[in-house]
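All remarks here apply to the structure that follows.
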Amino acid sequence: QENREISGTVKDAATGTPLTGVSVRVNGKSQATATDASGRFALQAAQGDVLVFSYLGYRTQEITVGTSASYTVGLQPAEAEELGEVVVTALGIERKTRSLSYATQQLSADQLDEVRDNSGNIMNSLSGKVAGAVITPAATGPGGAARVVLRGNRSISGNNNALIVVDGVPIDNSSNPQANSTFNSYGGSDGAANLNPDDIESVNVLKGATAAALYGSRAANGAIVITTKRGKEGKLAIDYNGGVSIDQPNLLMDFQNTYGRGNGGEAGATAGESWGAPATTYPDNVRSVFRTAATVNNSVNLSGGTENMQGYASYTNNHNAGILPGNDLDRNTLNLRVNNTFFSKLTTDAKITYLNQKISNKPRLGDTGTPMGIYIMPRDMSEAELRDFEGTDPVTGEPTRKYWTTSSIFDNPYWDLNRTSVNEERNRVTLLGSASYQLTDWLRVLARYSFDRYDDKETGRYYNGTVSLGSVQPGGQYYETYNVRSERNIDVLISGDNKLSGDLSLTYNLGGSVLNRKSNSLQNMANGLSIPNQFNLSFATTPAFNNVSIIERELQSIYGSAQLNFRDYLYLDVSARNDWSSTLPSPHSYFYPSVGLSAVLSDALSLPEWVSFGKVRASYTEVGNDAAPYLLDQLYNFSLGAGQGFVSRDLTRAISNLKPENTQAYEVGLDWRFFNNRLGIEATFYKTNTINQLLYIGLPLASGYSQQYINAGNIENKGIELQLNGTPIRGERFSWTTYINFSRNVNEIIKLSDQSNRADLSTSTRLASVVAVEGGSYGDLYGYAWEKDANGNHLVNDAGLPIVKANTKIGNFNPDFLLGWGNTLSYGQFSLSFLIDGRVGGEMVSGTDSFLGAYGLGDYTAQYRDGGLILPGVKADGTPNTTAIDAQKFWTAVSQNGRDAWGEFFTYSTTNFRLREASLGYEFPLNGGAFKRAQVSLTGRNLFFLYRGKSTLDIPGMQRRTIPIDPEAALGIGNYQGVEAGLLPSVRSFGLNVKLSF
Amino acid sequence: TDNFKELNTNPGKLTEAGAREMPFMFSRAQSAAAMDRSFYQTVQNLGADLYAQYYALSVTSFQTDRYVLTPDWQRRFWTVVYANTAPQLKAIIENAAPASGEQALANILWVYAFHRLTDHFGPVPYFQAADPVEQIPYDNQEAIYDDFFKRLDQAVADLKALGSGTQVFQGFDLMYNGDVNNWILFANTLRLRLALRIAQVSPDRAQQEAEAAVASGVLTNNGQNASLAKSLKGNDTHGLAQTAAWNEFAMSSTIASYLKGYNDPRLGRYFQPDVTNGQYNSLRNGLPPSALNNPRNNSSQNSNIGTYWVTWSASSSAWTPNLEARQHVMSAAEAWFLRAEGALNGWNMGAAAQECYEQGITASLTQWGADETAIRAYLTSTALPAAPGDTENSPAVAATPIAWAADESTRREQIGVQKWLALFPDGMEAWAEFRRTGFPKMYPVVQSDNADLPSGTFIKRLPFPIVEENNNAGELAKGRALLGGPDNAATSLWWDVNE
């Protein structure tokens with residue numbers, strides 16, 4: 001038979017997505033090629049030849065060439081594979097999934113780069129897609145950081161975020177500063193926000209401590225392992241991915257629209273509150289301040305190469321606009337990667353990523369922030385009046401502040417938007433080089449160097465007269481903060497693979513690494529400008545320098561792991577690691593081992609036909625952890641002041657005998673697939689105990705310390721993660737795949753310390769304290785609650801107002817369950833995907849709501865304006881309350897002017913379900929021409945809530961209120977969660993996405 | 001790992017506080033103890049300054065003028081004393097040479113800081129303050145006062161032993177720049193103040209301490225007055241000036257009634273005409289939100305404090321604070337009034353009661369720029385407090401005359417009124433003495449929103465910070481037991497026995 005051109009397309013059989021880079025070869029002959037970016041291939045073959053399609057993570061498939069010249073091939077995803085699925089695990093080591101004794105979950109690029117979050121942070125795209133991941137975005141607009149907690153919180157004073165690893169090397173994901181109170185704050189960006197979704201090939205989530213034992217301490221909270229794209233052998237291929245989206249506030253609170261400015265039912269022209277007389281109101285005045293913003297992403301990448309050298313280059317520009325006017329993120333990412341093979345034994349991989357990111361007009365959150373300033377405007381404030389935010393000083397020509405009432409706390413939000421600004425620019429370079437040499441056919445040595453450095457420059461400008469920052473001196477304030485952070489990792493890894501007998505083989509890794517981390521943050525402050533509003537350090541009235549933070553630390557490690565493989569169905573894993581950390585007292589050392597077992601029962605036993613695959617696994621891991629630097633010596637701080645300046649003892653008591661903390665994790669799991677892989681179930685049960693934890697405990701104020709570090713405690717997390725996936729319909733033209741993620745984590749503080757049974761996660765006590773209390777669980781919220789008598793009746797005082805009790809448990813910020821339900825329906829060239837996810841349980845104390853109450857703005861404040869509210873309760877003597885009060889009395893009492901509200905009255909369940917993502921795509925059928933692939937899709941994110949939580953306190957006579965802010969948003973991504981004030985509204989995005997390949 | 005120790009040392013911090021750091025620590029404690037800018041508003045201005053009825057709140061953003069308490073602000077007062085002041089002073093007291101000037105100054109400042117705290121709360125953790133322990137007991141006020149006197153006595157003795165002209169913490173002492181003589185006068189005046197505080201509950205001890213103080217030398221002229229340097233550096237600015245620029249309070253009708261009725265030359269110094277009508281206008285303490293709707297009760301139609309602290313710019317429609325103005329701490333006038341009261345008690349105050357009283361008035365009026373003619377006229381004035389002309393149509397608050405009266409009870413009231421006027425703007429001391437003596441007579445707050453303080457009553461103390469329930473619960477319970485009443489704002493302190 002004569003060869004002729006055979007062409008076709010290779011797709012993911014489950015999703016219909018074209019697959020790029022699939023190796024296609026003619027069995028037994030030399031012809032071979034790979035699919036292009038649109039999944040298309042063409043090669044010479046003869047009738048009767050067998051074409052073999054193989055692709056990482058997919059089942060290899062063969063077809064026999066018939067009379068047709070064109071073939072469409074659907075590859076079964078690897079999770080449906082029985083033998084060969086590989087995932088990237090610790091240190092960039094690829095492992096067959098079947099051999100893993102711990103849980104991982106893999107996401108493809110398509111699941112992450114199509115529907116994007118307005119924050120530009122790819123971590124937010126994991127929401128609902130990963131069983132057991134609690135993703136909390138900081139509501140700080142584009143560039144905002146995200147908190148990613150896998151399997152519950154375990155550290156009180158430390159970090160609970162998962163480690164992020166790119167191409168085998170952890171990246172710096174620090175996110176200073178983060179809010180630790182409801183006081184105003186500008187949330188810092190994080191490292192994950194710098195990742196370019198367009199460069200990502202796949203994301204693998206290693207959930208437990210087990211998975212990450214080899215990454216060391218930082219991976220005790222699990223790891224997000226990201227593999228980026230690399231060049232592929234073949235002709236030059238060009239991909240373009242472009243998207244535009246329209247972002248707008250998803251959710252605003254419900255306001256009353258009856259009463260205007262004033263107090264006591266009487267109009268008051270200069271009042272700040274809306275407790276006045278009925279007035280002409282402007283229902284959309286709050287919404288009018290926010291804008292509908294356009295976000296634009298453009299990405300182009302080139303890839304190509306020969307057998308011995310492949311190159312990849314990409315350039316991406318992201319312009320993410322926030323919903324606050326002027327708040328924008330512009331990010332340019334350049335990525336170059338070259339892979340070489342020399343003398344067939346030496347392979348190298350070199351990558352450089354450069355990023356420039358600018359965030360302008362970062363929003364100030366918190367109880368005096370810009371959003372709060374917007375929310376609290378009177379209901380009878382017209383847009384025009386609000387926009388009249390300044391005058392001009394006829395003498396100096398400088399702007400003068402105008403505000404509708406007298407306030408030491410707030411400015412007109414337009415003043416905030418126009419006359420205060422914080423801008424941030426980051427330049428980041430990430431270098432990665434690795435060389436791997438095949439010593440023998442069973443032994444390989446890998447040396448790797450990575451360097452990650454970024455330079456941040458933040459500038460702040462506050463015009464003369466600004467009040468809301470609290471400390472702007474005459475002339476205005478200007479500052480420049482330089483933050484330089486770098487991380488260098490050098491490691492050497494020897495890997496071997498030996499067949500011990502016909503049935504038994506051994507693979508092993510031995511390695512060592514040195515990790516250096518440095519960070520230096522220097523602030524030049526000009527508080528007070530001699531020439532007003534000249535925002536340059538040269539005009540500083542009293543220039544000041546402040547080394548805001550310095551961090552320098554080193555971690556040296558040796559580690560090893562070994563795996564015994566018995567007949568490819570029974571695997572035994574052991575690993576051990578010893579670290580030496582500069583942050584610990586001598587001898588600086590700690591050791592931690594792990595052991596795991598995986599058995600593929602479907603191979604070991606003979607199971608019914610309808611069982612496609614079955615595996616059980618178990619593991620035990622310990623992970624040690626060091627601490628932040630500089631905790632060993634008592635510190636004294638210098639600060640500027642009158643005279644020659646001040647020295648004062650630090651408020652944290654040092655711990656000279658600091659010990660490493662230790663996490664012990666047990667995990668068992670199963671992975672079963674049925675009916676020719678059309679139904680799959682993965683389940684994991686885990687239990688972790690973190691002991692010897694480094695935690696803060698409060699000391700009496702009178703000690704002069706606010707807290708001290710101790711090593712103590714036992715914090716337990718146990719839970720279950722379930723993933724179900726199925727392909728209910730798999731037809732020629734129509735298919736439907738679906739998955740459900742479910743997880744539950746239960747946390748218990750089994751023991752704290754002998755000195756104290758309570759540790760505060762933040763020193764802030766406003767609205768609620770976020771605490772860990774012995775016998776309770778991590779993230780309990782304690783605050784003022786409405787006191788009850790012995791019979792359970794609420795107590796009311798002689799004025800008819802609630803009697804409250806401080807330090808009462810009013811909630812916990814962690815959800816009880818997480819659910820995610822994703823679907824892809826494809827019909828011909830169309831595909832429709834949507835994701836519904838939700839959280840059940842958990843509470844949040846809303847400072848936003850307490851301000852709405854204090855200022856008479858919430859819709860609920862319209863009730864009882866004229867009195868008649870008799871709170872159901874009894875007086876101290878047991879007689880029923882008969883004193884009628886009005887709404888203002890009630891809400892100003894319980895809200896304590898907003899800032900210091902009695903928490904229970906503003907506590908909400910954070911249970912919520914939402915349509916997180918939806919996309920409708922169309923793949924153009926192409927035959928030749930310039931394009932190899934063309935796809936358009938309409939996308940939507942955060943589209944609407946199916947359900948939102950209610951206030952937890954039932955006040956008879958008043959309806960339960962619905963949470964007025966996004967239940968999953970937060971002021972910051974630190975351990976201070978569950979209390980908010982002045983969050984930005986969450987953002988709903990509608991987008992159009994175009995993918996083209998040339 | 002050889003370099004690990006060096007690597008783990010933070011170059012931006014100090015790891016020990018020795019002789020080199022001591023002067024800096026003293027400055028820190030001084031600035032903190034007198035309420036620095038960060039704390040002035042919430043700890044003093046929205047508390048004692050209102051309770052002393054120097055000012056009244058003209059905005060609805062805060063409720064403290066109606067006796068609503070903000071627990072977080074009580075915690076802030078403790079932070080001022082226990083975190084920002086005491087550890088620094090304790091380090092100096094423990095590390096400085098025994099009987100040294102450094103130790104003496106630290107002890108004097110210690111008493112100054114703690115007497116303001118205990119006079120707000122009553123029993124407080126004292127003898128173990130600044131110790132790094134898990135529980136710290138509360139001490140009763142009598143024992144604390146006893147220690148105050150001992151420390152002051154010892155400090156003055158040590159300073160006198162140094163010899164005249166000695167400078168301590170020169171360049172760092174923000175009050176007297178290290179002048180030992182002035183520190184002796186300051187310490188003795190503080191001792192005299194504390195002696196009179198306990199005059200009703202412990203008359204013998206009070207007499208003994210007061211006579212010792214006067215004999216040793218107290219402030220007698222304005223050149224010796226204590227005030228604190230302020231600086232834009234580090235935002236260590238004048239807290240009252242900053243707060244006044246925010247313009248959320250104005251002249252209280254109580255002080256307006258006295259100053260306006262007396263034609264007091266200090267009216268135009270303590271306050272300035274309102275920016276709308278150019279009048280000296282005032283409002284009552286404790287106005288409900290609806291009354292604050294009345295434009296006449298707005299900040300713009302009432303008198304802000306004087307140009308020493310803030311100036312109004314009509315062109316920019318804004319107040320400019322005088323952030324580097326020295327902050328008043330203690331004056332000679334107060335010492336004279338204390339001596340006047342002591343003399344009425346029959347103590348040896350080195351001068352007769354009337355002389356002390358008139359010297360006090362003279363010192364205060366001189367301090368605020370009145371000339372001799374005005375002072376002479378004032379001393380013999382027959383003027384009485386007047387109706388301040390506020391929205392509540394308040395009558396004159398009292399009928400206290402200025403000229404030295406014939407009967408003792410009027411004399412005591414006169415001393416109380418004039419001392420209160422002279423103490424301005426130190427609301428903390430003024431509120432303490434109002435509680436002890438009942439002088440001056442004040443208007444009741446128009447509305448109390450504190451269920452423990454029914455209409456017509458005055459606030460007596462502040463409750464302990466809630467955070468004590470978390471971190472010092474056992475001792476807090478015992479501390480509450482020392483109070484002799486519930487831990488609320490209506491329980492009188494140990495020395496507050498008049499009624």
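Just so we're on the same page: letters track the sequence lines, and every chain starts at 1.
- The candidate with the highest count of non-hydrogen atom pairs below 4.5 Å against chain A, out of B:Thr243, B:Asp449, B:Asn472, is B:Asn472.
- Checked by atom type and distance alone, the side chain of B:Gln88 pairs as donor or acceptor with a backbone atom of A:Arg649 at under 3.5 Å.
- Side-chain contact check for A:Gln644 versus B:Pro23: every heavy-atom pair is 4.5 Å or farther apart.
- Residues A:Tyr784 and B:Pro71 share a closest heavy-atom pair of OH-CG, 2.9 Å.
- Side-chain contact between A:Leu635 and B:Leu14 is absent, with no heavy-atom pair separated by less than 4.5 Å.
- With B:Asn8 as the fixed residue, the side chain to side chain contact (heavy atoms under 4.5 Å, CB included) test singles out one of A:Leu584, A:Leu631, A:Thr583: A:Thr583.
- Contact annotation: the side chain of A:Ser471 approaches that of B:Arg37 to within less than 4.5 Å [non-hydrogen atoms, C-beta and beyond].
- A side-chain N or O of A:Thr270 and one of B:Asn298 form a donor-acceptor pair less than 3.5 Å apart.
- Side-chain contact between A:Asn263 and B:Leu292: absent, with no pair of heavy atoms (C-beta onward) separated by less than 4.5 Å.
- Side-chain polar atoms of A:Glu273 and B:Thr60 form a donor-acceptor pair below 3.5 angstrom.
- For chain B, the nearby parts of A:Asn897 are the backbone and the side chain; heavy atoms of each come within less than 4.5 Å.
- Interatomic distance, A:Thr406 OG1 to B:Glu248 CD, rounded to the nearest 0.5 Å: 7.5 Å.
- Contacts of A:Ser648 with chain B are made by both backbone and side-chain atoms, with heavy-atom separations under 4.5 Å.
- Residues B:Ser27 and A:Gly645 come closest through the heavy atom pair CB-O, 3.8 Å.
- Neither the backbone nor the side chain of A:Asp798 comes within less than 4.5 Å of any heavy atom in chain B.
- Interface residue B:Leu174: only side-chain heavy atoms are found under 4.5 Å from chain A.
- A donor atom on one side chain and an acceptor atom on the other are found under 3.5 Å apart for B:Glu469 and A:Asn807.
- A side-chain donor from one of B:Ser315 and A:Asp393 sits under 3.5 Å from a side-chain acceptor of the other.
- Neither the backbone nor the side chain of B:Ser317 has a heavy atom closer than 4.5 Å to any heavy atom of chain A.
- When every heavy atom of B:Leu232 is checked against every heavy atom of A:Gln473, the shortest pair comes out as CD2-OE1, 3.1 Å.
- With a 4.5 Å cut-off on non-hydrogen atoms, A:Arg653 touches chain B through its side chain but not through its backbone.
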**Asked** Please walk me through it: do A:Ile409 and B:Phe62 pass side-chain contact (heavy atoms from CB on, under 4.5 Å)?
**Response** CA-CA 11 Å; A:Ile409 298 175; B:Phe62 304 107; 3.9 Å; yes
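- Proximity to chain B (any heavy atom under 4.5 Å) is shown, for A:Thr405, by neither the backbone nor the side chain.
- Looking at heavy atoms from C-beta onward, A:Pro700 lies out of side-chain contact with B:Glu475 at the 4.5 angstrom threshold.
- In this structure, the portion of B:Leu69 lying under 4.5 Å from any heavy atom of chain A is its backbone and not its side chain.
- Contacts with chain A were tallied for B:Asp131, B:Val59, B:Leu323; B:Asp131 has the most, counting heavy-atom pairs under 4.5 Å.
- Put simply, the residue from A:Phe638, A:Phe646, A:Tyr636 that forms a side chain to side chain contact (heavy atoms under 4.5 Å, CB included) with B:Phe24 is A:Phe638.
- Looking only at side-chain heavy atoms (C-beta outward), B:Ile136 and A:Ser703 come within less than 4.5 Å of each other.
- Contact annotation for B:Ala17: both backbone and side-chain heavy atoms come within less than 4.5 Å of a heavy atom of chain A.
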**From CA spacing to verdict: side-chain contact (heavy atoms from CB on, under 4.5 Å), A:Arg553, B:Leu7** = CA-CA 6 Å; A:Arg553 59 193 297 178; B:Leu7 208 57; 5.7 Å; no
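- Within the 4.5 Å cutoff, the side chain of A:Leu699 has heavy atoms near those of the B:Glu134 side chain.
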